[in-house]
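Since the structure comes first, as structure tokens, the remarks are kept for the end.
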Number of protein chains: 2
Amino acid sequence: MTAAAHRLGRRPVDKVAARRSELAAAALKTLAERGYAQTGLRDIAQNSDFSHGVLHYYFADKTDLITHCVREYKERCATRYDEVVATATTAEELAAGFLRKLTETLTDEAPMHRLWYDLRNQSMFEPAFRADVAEIDLLLERMIGRIVTRYAELSGRTPQVAPPVVYAVFDGLFQQALLRQLAGVPSAAGELRAAVGQVLPHLVR
Amino acid sequence: MTAAAHRLGRRPVDKVAARRSELAAAALKTLAERGYAQTGLRDIAQNSDFSHGVLHYYFADKTDLITHCVREYKERCATRYDEVVATATTAEELAAGFLRKLTETLTDEAPMHRLWYDLRNQSMFEPAFRADVAEIDLLLERMIGRIVTRYAELSGRTPQVAPPVVYAVFDGLFQQALLRQLAGVPSAAGELRAAVGQVLPHLVR
DNA sequence: GATGCTCTTTGACGACTGTCAAGACTTCTC
DNA sequence: GAGAAGTCTTGACAGTCGTCAAAGAGCATC
């Protein structure tokens, strides 16, 4: 532990963690652009301020790097709708805010979403990814769960479908919309909006 | 065209197509085992009766091969529930048969399903795959659509949700179940059964 | 049996892969 | 300022990738 670290109240491990996070972010960017199958360590390094060797300094191997990428991804995505949930005062307002955020992220962050589906799929083949992927999937499930719970509250009804099922349903709808969006179908966001709007009322009673 | 081909009333192009199909089948097997990112042409050849060079004889390049794989996959999967649809005489019988087939294929053909999701995801990055993948997705959508239509008929009601939405919903449920199944969760099939059984009544009115 | 055609194997090419060691550069400690 | 510790670059390694040319094998035809 350095004196400077003492002075700033910051341990060296934080610096290492920060660099790791920085490199994982560069890796995420590359993976979102090219996909897991087409992404090498040198591609990732080129999207960062460092050379490819530094990756082996901060990560044991490629699997370790990808694992940290998944965790980095987690930090970003699990609070997307929390503000809407916190501020909405009616069921209609909540639904509208959810739909707005949902279609926004579909159009604005499509590459990031395809990366997530790519990594989640890799976990079907590579056991090393499974635990972290499952953890994020659970996080996302709870995020959706909070929306539906609040939606039920605001509309004076009760949730009728268990959170894992609700999440699977919305995830399926979103994935289909993402496929269309990336294929250049301009109506993808609108169709997603319509589909979710149609499904939402069925989840409470 | 050879004389033999004439005699048998079989054009040489059919032999070529048959071999292509055979190699694509070997490729599918390999892809289901190892995933797209970890599958090379030599791996595929080792799962066939031929050496790796023959792949370049029957396919222009790797993309061409994968495209044929997707089409080969199509031939197998789109009629899975047709018998159930044709023979069921009551809504309950249809639902039960659908659920049985659904959980059966989840447990017995999990590697093949993860391959499909892998290839569909690749199409988000590789435009060359998009058309064929979209075509299969449409086939699957119609397959699910036939079930719901018949289910509505048998129960004297009418479908309330458009086929693309129904397909997306079931696909999302199935994908979550597949993730759990491949992660070794023994209750995956049962949970899928429960979830689909819970959702199905909401689709008609 | 020789010829020509189709199919298949073999081996090699250049490029790329993940990994890692050696050294250079920076930063901190005393 | 010397030395140590931490950080980063460079270059190379063994292996794999997709691709393809050359030659061999199998077989029908003349």
Side-chain angles (χ1 to χ4, degrees), chain A residues 1-24 26-27 30-31 33-69 122 125-126 128-129, chain B residues 1-24 26-27 30-31 33-69 122 125-126 128-129:
Chain A
M1 191 183 295
T2 66
H6 263 128
R7 258 184 278 113
L8 295 170
R10 193 180 46 175
R11 299 172 310 163
V13 65
D14 289 345
K15 258 180 83 177
V16 170
R19 179 74 76 222
R20 262 205 266 259
S21 181
E22 184 182 353
L23 290 168
T30 315
L31 287 163
E33 284 170 6
R34 305 168 47 90
Y36 178 80
Q38 304 297 331
T39 298
L41 295 181
R42 285 162 183 83
D43 302 314
I44 295 171
Q46 264 191 330
N47 267 334
S48 77
D49 295 331
F50 307 95
S51 65
H52 71 274
V54 83
L55 290 169
H56 182 257
Y57 181 80
Y58 286 99
F59 302 99
D61 52 22
K62 196 188 181 185
T63 300
D64 187 32
L65 168 58
I66 301 293
T67 298
H68 275 81
C69 283
Q122 293 307 317
F125 296 95
E126 175 55 67
F129 299 155
Chain B
M1 192 182 296
T2 65
H6 262 128
R7 255 185 280 113
L8 297 170
R10 191 179 49 173
R11 298 172 311 161
V13 65
D14 289 346
K15 257 181 83 178
V16 170
R19 174 98 340 141
R20 262 206 266 259
S21 181
E22 183 182 354
L23 290 169
T30 315
L31 287 164
E33 283 169 8
R34 305 169 47 90
Y36 178 80
Q38 304 298 330
T39 298
L41 296 181
R42 286 165 182 82
D43 302 314
I44 294 171
Q46 264 190 329
N47 266 333
S48 78
D49 295 329
F50 308 94
S51 65
H52 70 273
V54 82
L55 289 168
H56 183 258
Y57 182 81
Y58 286 100
F59 301 99
D61 53 23
K62 196 187 180 184
T63 300
D64 187 32
L65 168 59
I66 301 292
T67 299
H68 276 80
C69 283
Q122 292 307 317
F125 295 96
E126 176 56 66
F129 299 155

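To find a chain, count down the sequence lines: A is the first, B the second, and so on, and within it residues start at 1.
Following rounding to the nearest Å, B:I66 (CD1) and D:dT19 (P) show an atom-to-atom distance of 11 Å. Nucleotide C:dT19 holds its C1' atom 13 Å from the CG atom of A:L65, rounded to whole Å. Computed from coordinates, the B:R34 CZ to D:dC17 P distance equals 7 Å when rounded to whole Å. In this entry the distance linking NZ of B:K62 with P of C:dA15 reads 19 Å, nearest Å. Whole-Å rounding puts the A:D43 CG to D:dC17 P distance at 17 Å. Atom pair B:E126:CD and D:dG18:P shows a separation of 14 Å (rounding to whole Å applied). As rounded to whole Å, 10 Å separates atom P of C:dG18 from atom CD of B:Q38. Following rounding to the nearest Å, A:L23 (CG) and D:dC8 (C1') show an atom-to-atom distance of 11 Å.
Here B:F50 lies in heavy-atom contact (under 4.0 Å) with sugar-phosphate atoms only. Among the protein residues, A:R19 comes within range of the sugar-phosphate backbone only, with heavy atoms under 4.0 Å from sugar or phosphate atoms but none that close to a base. No contact: B:D64 has no heavy atom under 4.0 Å from any strand. Among the protein residues, B:F59 comes within range of no part of the nucleic acid, since none of its heavy atoms lies under 4.0 Å from any strand. Residue-level contact check: A:G53 touches the bases, meaning some heavy atom is under 4.0 Å from a base atom.
In this structure, A:F129 and A:T63 approach most closely via the heavy-atom pair CE2-CG2, 3.6 Å. Taking every heavy atom of both residues into account, A:L23 and A:F59 meet most closely at CB-CE1, 3.9 Å.
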Side-chain atoms of residues 44-52 of chain A: list all donor-acceptor pairs with protein atoms under 3.5 Å, sequence neighbours left out, distances to 0.1 Å.
from  : atom 1 : to    : atom 2 : distance (Å)
A:N47 : ND2    : A:T30 : OG1    : 2.8
A:S48 : OG     : A:A45 : O      : 2.8
A:S48 : OG     : A:F50 : N      : 3.1

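Taking every side-chain heavy atom of A:H52 into account, D:dA12 is the closest of D:dA12, D:dT19, C:dG18.
Interatomic distance, B:Q38 CD to B:E33 CD, rounded to the nearest 0.5 Å: 13.5 Å.
A side-chain contact (heavy atoms from CB on, under 4.5 Å) with A:L55 is found for one member of A:L65, A:D64, A:D61 and no other, namely A:L65.
Of the residues near DNA chain D, B:T63 and A:Y57, the one whose nearest nucleotide (by heavy atom distance) lies more toward the 5' end is A:Y57.
Phosphate contact (OP1/OP2 of D:dC20, side-chain N/O of B:H56, threshold under 4.0 Å): present.
A:R42 contributes no side-chain N or O that forms a donor-acceptor pair with the base of D:dT10 under 3.5 Å.
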